[in-house]
Amino acid sequence: MQIQRTGDAALVAELGTFATQQENATWQADDMYGNMTYWFRLDTPALLYPAAVALKAKGARLTMVSACRRDTVGTSGRYISYHFALKGIVYTLRVTLTDTEDSTPSITPIFANADWHEREMIELYGIHVTGQPNDNRLFLDEKLDAGLLEGAVPLSVMMNGACTTDLWERVLNGREDGEEKK
Amino acid sequence: MSGTKTFSMPLGPVHVALEEPVYFNLTVEGEIVRKTHLTSGHVHRGMEALAMRRNIFQNATLVERVCSLCSNSHSFTYAMVVENALCMHIPERARYLRVIAEETKRIASHLFNTAIQAHIIGFHSLFMHVMEVRELMQDMKETVYGNRMNIAANCVGGAKQDINLKKQEYILKQLELIEPQIREIQDIYANDPMVHTRTYGLGLLPVDDAIALGVVGPVARGSGITDDCRKDSPYAAYGDLDFNVITETGCCAWSRVQVRLRECYESLSLIRQCIDRMPEGDIRAPLGKLTVNSAVARTEAPRGEVFYFIRTNGTDVPERLKWRVPSYMNWEALSVMMKDCNVADVALITNSIDPCVSCTER
C-alpha cells in the first residue's frame with residue numbers, strides 16, 4: 001500500500017498567510033509515490049523574506065531557485081520559484097516581478113546557500129536582488145554587463161533573419177525598451 | 001619581526017583536482033590558506049536555454065549530457081519531473097529497472113572519485129588498481145546498455161530497455177567479482193598509513209557548517225547528516241527495497257571517501273534485490289496529457305540531491321526547465337574546508353567534495 005507523505009500542517013498554514021490575496025495562490029500535488037509538494041504564490045516579492053524566516057525556523061533547506069527569462073513567460077509575468085525541502089517534502093514559494101516591484105529581497109542572510117542562486121539570477125538574468133551581501137562575480141567576467149544572456153539573440157533566430165521578422169522585431173523591441181529606460 | 005604578510009595566489013582554472021576548469025583565488029600566509037575565493041563559468045554551455053527549444057523527448061537526450069559520471073541521474077530526474085507534470089504513473093518493472101541503472105552508475109562514480117584521491121596523494125598503484133576494478137562496472141554498463149557512460153536507460157514513461165534473464169545472470173556474476181575487491185579497497189582507504197595520514201582530519205566540515213551551507217550527498221553524510229532522497233522521499237522502487245543511509249562523523253576527506261565506499265555495498269545489495277524482486281510486465285507507460293502545470297522532482301545522484309523544476313505551457317516544449325546539481329551546493333563548503341589548510345592540500349580537499357564543473361555550469 002502506498003504511503004502518502006504530507007507536509008507540516010502548521011508550516012503550510014503559516015506560508016498560506018503570505019499568499020492570500022491572489023486567486024489560486026496555493027496548491028498542492030503528489031507524485032506517483034505519494035510525496036506531496038506544496039506551492040505558494042506570494043502576494044508581493046517583499047513577503048519572500050518573512051516566508052523564508054518561517055521555513056528556516058522549521059529547519060528547512062533551500063534546494064534551488066528558478067528564475068526565468070523575460071521572453072519565455074508571455075503575459076503571465078516574470079516569476080522566480082524558491083524551492084525548499086523539509087523532511088522529504090518540497091515547498092515552493094513563487095514571487096512575480098512587476099513593473100512596480102521589479103526586485104526581490106535577498107534571503108542569503110537566512111539561507112547561506114542562496115548566495116550562488118541569487119548571484120546567478122543577477123548575472124545571467126539581470127534580476128535585481130536587494131541586500132545581496134556578495135558583489136563578486138560568480139560566472140561572468142567583470143567586464144561583461146549583468147543580465148547579458150537576457151538580451152542574447154539565439155543563433156537560429158539570427159540565421160533566419162532574412163526570411164522571418166523575428167530577428168528585427170527583437171532588435172526593435174530591445175531599442176524601444178532601452179529608450180523607455182532612458 | 002612584526003606581522004605576517006598575506007598574498008594572493010591564483011590556482012587553476014585547469015587541473016586543480018580534475019581536468020575541468022575552476023579558478024581559485026587563494027589568500028595565503030606562507031604555506032597556509034587563509035581565505036578562498038572561487039570563480040566558475042569557464043564552460044557554460046547554455047543547456048537550460050537549449051532545453052526550452054527542444055521538445056520533452058529531445059530533452060531526455062540533452063540532459064543526459066549535462067554530466068558524464070551522473071548522466072543517468074539527470075535523465076532519471078528529468079523523466080520524473082515530466083511524469084509529475086503530466087500526472088503519469090510508470091509501470092512497476094520500470095521502477096526496478098531505473099534503480100538498477102542508477103545504482104550501477106553510483107558504484108562506478110564512487111570508485112572514480114576514490115581513484116582520483118589516490119592519484120592526488122601520489123599513490124599511483126592504488127589509483128590504477130581502483131580504476132581497474134571500476135572497469136568491471138564499465139564492462140557491465142557496456143554489455144547491458146551498450147555504452148560505458150551515457151547509458152540512456154530512462155525515458156519519459158519508464159525505461160528504455162528491458163534486462164532479460166541472461167543479462168540479469170551476467171550482472172549478478174559481475175557483482176560477485178567486484179564485491180570482494182571493493183571490500184579490499186575500502187580496507188586500504190580506511191587503514192593504509194599513507195592514505196590515512198594524508199586524509200584523516202583533512203578538510204574539516206563541521207556539522208553546523210554543513211547544515212548552514214545546505215551541502216548534500218556524501219559531503220553531508222560524511223559530516224553525520226542523515227540526508228538521502230532515496231529514504232526521505234522514496235521514488236522508483238526505493239520505497240520497497242532495504243538499504244541503509246551511510247554516514248560518518250569524522251567530517252573530513254577520509255570520512256567522505258568511507259561514505260562513498262560503504263555506499264557501494266548498499267548499491268550492490270540494491271541491484272541484487274531489484275533482480276530478485278522485479279516483476280514481469282510493461283516497461284513504459286503512454287504519455288500523459290500536456291497541460292499548463294509546474295512540477296518538481298528530486299533524486300539522490302552519486303554526489304547528492306539532483307533537483308529539477310519544469311513548467312509546461314500545454315505544448316511539447318517546456319516553458320522553463322531548470323535543474324540544480326549537487327556540486328552547486330557543495331562548492332561553497334570548500335571555503336570552510338580549506339580554512340587554514342596547506343596549499344599542498346587544496347587539490348585533495350577539492351577532490352573530496354567530488355566536484356563536477358560541467359554539472360555546475362550547465
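Remember, predicted model here, so these are calculated numbers, not experimental data. Each chain gets a letter, A, B and so on, in the order the sequences are listed, and its residues count up from 1.
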Task: Best-contacting candidate, A:His117, A:Arg94, A:Lys87, A:Lys56, against chain B by heavy atom pairs under 4.5 angstrom - done: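 If we count pairs closer than 4.5 Å to chain B, A:His117 comes out on top.
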TODO: Considering only heavy atoms and a distance below 4.5 Å, find which of A:Ala67, A:Gly59, A:Ala29 pairs most often with chain B.
DONE: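 With the most close heavy-atom pairs to chain B, the winner is A:Ala67.
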Open item on the list: Could you tell me if B:Asn293 and B:Thr291 have a donor-acceptor pair between their side chains, going purely by distance under 3.5 Å?
Closed with: no
- [ ] Using distance alone, with no hydrogens and no angle criterion, decide if A:Gln132 and A:Thr108 have a side-chain donor and acceptor under 3.5 Å apart.
- [x]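 Indeed, the side chains of A:Gln132 and A:Thr108 share at least one donor-acceptor pair under 3.5 Å.
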TODO: Please work out whether the ring planes of B:Phe309 and A:Tyr79 are parallel, tilted or perpendicular, with thresholds of 30° and 60°.
DONE: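 B:Phe309 vs A:Tyr79 ring planes: perpendicular.
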Measure the spacing between [atom1] of [X] and [atom2] of [Y] and express it to the nearest 0.5 Å.
| X | Y | atom1 | atom2 | value |
| --- | --- | --- | --- | --- |
| A:Tyr49 | A:Thr104 | OH | OG1 | 12.5 Å |
| B:Ile283 | B:Arg98 | CD1 | CZ | 10.5 Å |
| B:Arg34 | B:Ser8 | CZ | OG | 15.0 Å |

Between [X] and chain A, which part of the residue has a heavy atom less than 4.5 Å away: side chain, backbone, both or neither?
| X | result |
| --- | --- |
| B:Ala295 | backbone |
| B:Glu48 | side chain |
| B:Ile211 | neither |

Could you have a look at [options] and say which one has the most heavy-atom pairs with chain A under 4.5 angstrom?
| options | value |
| --- | --- |
| B:Val216, B:Asp227, B:Asp240, B:Val296 | B:Val296 |
| B:Tyr328, B:Trp331, B:Tyr235 | B:Tyr328 |
| B:Ala333, B:Ala236, B:Ala297 | B:Ala236 |

Task: B:Arg93 side chain vs B:Pro279 backbone, donor-acceptor pair below 3.5 Å - done: yes
Open item on the list: At a 4.5 Å cut-off on heavy atoms, which part of A:Thr63 comes close to chain B: side chain, backbone, both, or neither?
Closed with: both
Task: Which portion of A:Ala85 sits near chain B, non-hydrogen atoms under 4.5 angstrom - done: side chain
